[in-house]
**Student:** 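Pasting a structure below so you can have a look.
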Amino acid sequence: MTGIIPVLRLEGIVKTFPGVRALDDVSFSVLPGEVHALMGENGAGKSTLMKVLGGIHQPDEGQILIGEEPTVMTSPMQAKAKGVVFIHQELSLADELSVAENIFLGELPLKRFGRVDWQKLYADTDAILNTLNVGFDARTRVGDLSIANQQMVEIGRALTVDPRAVIFDEPTASLTDAEKVVLFKVIADLQAKGVGIIYISHRMEEIFRITDRITVLRDGQYRGTLTTSQTNEDEVTQLMIGRSLDLSRNTSHHALGDVALEVRGLGCGALFQDVSFALRQGEVLGFYGLVGAGRTEIAETLFGLRTPSAGQILLNGEAVRISSPIDAIRHGISLVPEDRKNQGLVLGMNCRDNMTLPQVDDLTAGPFVSDGAEIAIFDQYRDKLDIRTPGWRQIVGNLSGGNQQKIVIGKWLSMRPQVLIVDEPTRGIDVGSKSEIHNLIRALAAQGYAVIVISSEMPEVLHVSDRIIAMFAGRVMREFTSDEVTEDNLIQAISGIGDGKVMKEPVSGQMHG
Amino acid sequence: MAGMTKQGIGSILAKQGILIAFAIFMIGFALANQRFIAIDNISGVIRSSAILGVMALGVTFVVIGGNFDLSVGSMMSFSTIVVLDLHDKLGPALAIPAMFAMTMALGAFIGFLVGYMKLNSLIVTLGMLSAIHGLTLTWSGGKNMDIADKAGTWFSIFGQGRILGVPVPILIFLGLAIILGIVLARTPFGRKVYAVGGNGQAATFSGIPRARIVFLTYVLSAFCVAVAGLLQASRSLGSQNTVGQGMELQVLAAVILGGASLMGGSGTIFKTVIGVLILGFIQNGLLLMGLAFYVQYVVTWGIIILAVWLDVAAKRGRLWSPTA
């Protein structure tokens with residue numbers, strides 16, 4: 001690589017926050033025309049590094065070079081002026097404005113007396129859109145575009161300057177496969193122009209498809225840079241988590257108990273209809289399907305957040321009426337929700353208070369909450385679930401995703417539920433904590449808990465479930481035992497083609513939401 | 001390690017900023033005017049802050065629960081007028097519970113609209129500010145309300161009495177502060193108020209009856225307003241219809257100065273008491289400096305905006321945000 005000057009270099013970056021060394025002597029460079037992946041678990045320091053690059057944080061030590069020129073970054077705007085452009089995971093577009101106004105927001109071309117030069121604006125925008133090869137024009141209202149096309153607008157914004165380096169942060173998080181192809185084409189075009197690309201993603205297949213080099217961070221430290229064509233997923237994973245990951249099938253060898261939960265003909269308006277299943281103690285039942293297949297809605301109905309329009313719920317053989325989460329909790333049904341930050345936790349509260357929240361009425365001495373009883377529960381589940389936190393006073397929002405999820409799981413385990421429903425158990429959780437959560441779910445089943453796992457990740461469902469229910473458009477398409485399920489027949493079932501039924505509508509959704 | 005020092009100061013400012021500002025402020029005024037720290041002056045400030053303070057205690061619960069209450073000033077006028085009117089019609093022993101019942105019914109109505117009907121609390125309490133004012137004027141016929149026999153009633157002890165030399169309003173304010181401080185910090189109800197304000201959806205997902213908790217914070221706030229109205233009526237034994245006008249903003253100012261987040265989920269009773277005292281001492285200090293009382297409107301809010309700015313600045317580690 002000698003002789004070629006990187007478009008961008010970060011050298012020996014150190015950044016500390018109170019109590020945390022977020023970046024510890026991290027170096028990173030991008031060559032012209034290169035796609036360089038930046039990988040690491042959540043909390044490894046990727047975002048902090050990019051915030052240093054964008055001038056949002058100032059490094060304590062180290063320097064940033066653009067070409068050969070040392071540069072102090074003060075803001076994302078200044079970074080853009082220097083040719084370093086960020087394409088964020090979360091779109092920051094004004095829905096009500098046109099594509100052109102969004103792309104040139106803050107730098108609209110002007111005529112005399114501060115009037116906008118619309119002709120020039122639309123012409124410039126269409127020129128940019130042409131290079132992106134998209135099917136909409138400069139006057140389209142952004143709110144009318146699909147997410148993928150909105151992302152193209154975001155990319156278009158980057159092209160109003162001559163970029164030297166473009167940073168893509170999880171760009172495919174909400175794209176379908178077809179849309180990804182378009183994105184990758186745009187990236188290839190930028191590459192061909194000699195732009196350096198920093199590509200941040202958790203998705204191995206993409207990393208191996210489009211990147212030239214991979215740099216891995218762990219715990220704020222630089223762990224190495226690999227040449228993509230000379231490495232494999234295992235090596236990258238090992239570098240990220242310090243060991244390799246087990247995703248083999250993993251079904252029960254213990255004997256199952258009685259039926260804990262039975263659902264007969266359950267329906268909820270148009271969301272799902274005629275859902276029936278039985279769940280035994282010690283069993284993990286997986287629910288798999290596309291977004292909108294009705295999986296989460298079933299969980300919410302069982303937990304009293306939705307009112308069923310048909311059917312029966314039986315607990316230990318007795319029909320029960322569940323009209324609120326309070327009812328559900330009283331009947332021993334617990335839900336670890338899919339949206340941890342909005343539904344699972346009060347992020348500003350400490351670990352202990354989050355964990356004991358559903359039972360705070362019972363942890364009292366006289367009229368007061370008993371500190372001792374609360375701490376006892378927290379300590380017990382911290383040890384049992386191996387929650388890594390400095391202490392119960394730690395604010396939950398400061399924990400990593402994996403530890404946050406364990407707090408939510410601990411919250412419900414401490415209620416000693418009959419049925420534990422876990423919706424998307426590892427969403428947004430780094431690979432290392434993922435396998436811990438999987439093992440935990442298996443261990444709970446072995447202890448006799450009846451567990452429902454809802455997931456959009458096929459390896460996860462296959463890994464943790466004893467049985468799998470495949471859903472499509474609000475209906476149960478097929479139920480598989482772990483012996484008969486394969487990736488192929490599972491995909492067929494959730495696409496509406498399994499079990500002899502004809503696909504009713506085209507499937508364009510994707511697996512994540 | 002210059003960065004560490006800045007962070008250190010920043011985090012101390014963020015946590016203790018209000019106490020530090022209070023201390024600096026007190027020292028400054030004390031140096032400017034010796035009278036400021038005389039015992040009788042301090043006692044006088046606390047006493048005159050008591051009515052505002054009692055209302056701020058209730059509003060603290062509402063704000064931590066994630067809502068606003070802009071109706072408390074208007075509601076306090078209502079309580080005052082009602083208890084004064086009923087004093088002569090029913091006698092004080094019946095007038096007081098009747099006034100409490102009516103005031104808390106108003107709080108329950110607001111709590112119903114905000115909690116169970118899920119209407120925006122800013123709109124509801126702004127509307128109630130005006131509606132209750134109309135109710136008060138209807139009750140009084142627009143006239144001032146006075147007790148006929150001012151010398152012969154025991155009703156004056158709440159506002160004017162002393163126990164062991166300490167003015168009763170101070171005892172009521174501090175006593176209520178201690179009780180409500182414990183309720184907020186130590187009871188399951190208090191914990192649920194924090195949870196509902198911190199993340200209402202997560203509270204629901206934890207089986208906490210969010211609507212009921214919000215409802216109860218408004219009933220509690222109205223209870224505090226009733227106490228404030230009692231103190232006000234008992235102190236003056238006569239009142240205009242507009243006695244509480246504008247107090248909703250001062251109450252909110254005290255709660256914000258204390259550091260409760262308007263987003264809900266954070267704040268304490270102790271901090272609110274500090275906020276109330278700061279507000280009281282600022283106004284007192286300005287008067288001692290010989291400034292007209294209306295200067296306080298400007299200065300009070302100037303200080304609040306300064307406090308909020310410093311708070312935000314401490315959180316993001318610099319004084320302004322260049323990207324904004």
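Per chain, numbering begins at 1; letters A, B, ... match sequence-line order.
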**Student:** Starting at CD1 of B:Ile208, measure out to CD1 of A:Ile326 and round the result to the nearest 0.5 Å.
**Tutor:**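 Result: 9.0 Å between the selected atoms.
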**Student:** Using heavy atoms and a sub-4.5 Å threshold, report which of residues 342-358 of chain A line up against chain B, by residue number.
**Tutor:**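 From residues 342-358 of chain A, the residues near chain B are A:Asn342, A:Gln343, A:Gly344, A:Leu345, A:Val346, A:Met349, A:Arg352, A:Asp353, A:Thr356, A:Leu357, A:Pro358.
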**Student:** For chain A, which of B:Gly200, B:Ala185, B:Ala195 has the most heavy-atom pairs under 4.5 Å?
**Tutor:**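 Sorted descending by pairs with chain A, the first entry is B:Ala195.
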**Student:** What pair of heavy atoms forms the shortest contact from A:Pro325 to B:Gly207, and how long is it?
**Tutor:**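 A:Pro325 and B:Gly207 have their closest heavy atoms at CB-CA, 4.0 Å.
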**Student:** Return the set of residues passing salt bridge (Lys or Arg N to Asp or Glu O under 4.0 Å) with A:Glu300 (not counting sequence neighbours), or none when no residue passes.
**Tutor:**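 A:Glu300: salt bridge (Lys or Arg N to Asp or Glu O under 4.0 Å) contacts with A:Arg306.
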**Student:** With a sphere of 6.0 Å drawn around CZ of B:Phe189, does it hold more than 12 non-hydrogen atoms of other residues, nucleotides or ligands?
**Tutor:**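 Yes, because the 6.0 Å sphere around CZ of B:Phe189 holds more than 12 heavy atoms from other groups.
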**Student:** For residues A:Trp412 and B:Phe205, report the shortest heavy-atom separation together with the two atoms involved.
**Tutor:**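 Smallest interatomic distance, heavy atoms only, reads CZ2-O, 3.2 Å.
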**Student:** Does atom NZ of A:Lys80 have more than 12 heavy-atom neighbours, drawn from other residues, nucleotides or ligands, at distances under 6.0 Å?
**Tutor:**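 Enclosed.
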**Student:** By a 4.5 Å heavy-atom criterion (distance strictly below it), what part of A:Thr364 contacts chain B: side chain, backbone, both, or neither?
**Tutor:**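 The side chain, not the backbone.
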**Student:** For chain A, which candidate among B:Pro188, B:Ser266, B:Gly197, B:Ser261 shows the most heavy-atom pairs at distances under 4.5 Å?
**Tutor:**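 Sorted descending by pairs with chain A, the first entry is B:Pro188.
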**Student:** For A:Val360, is there any backbone N or O sitting under 3.5 Å from a side-chain donor or acceptor partner on B:Arg191?
**Tutor:**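 Checked: no pair found.
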**Student:** Output the distance between atom NZ (A:Lys341) and atom CD (B:Gln201), rounded to the nearest 0.5 Å.
**Tutor:**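 CD of B:Gln201 is found 14.0 Å from NZ of A:Lys341.
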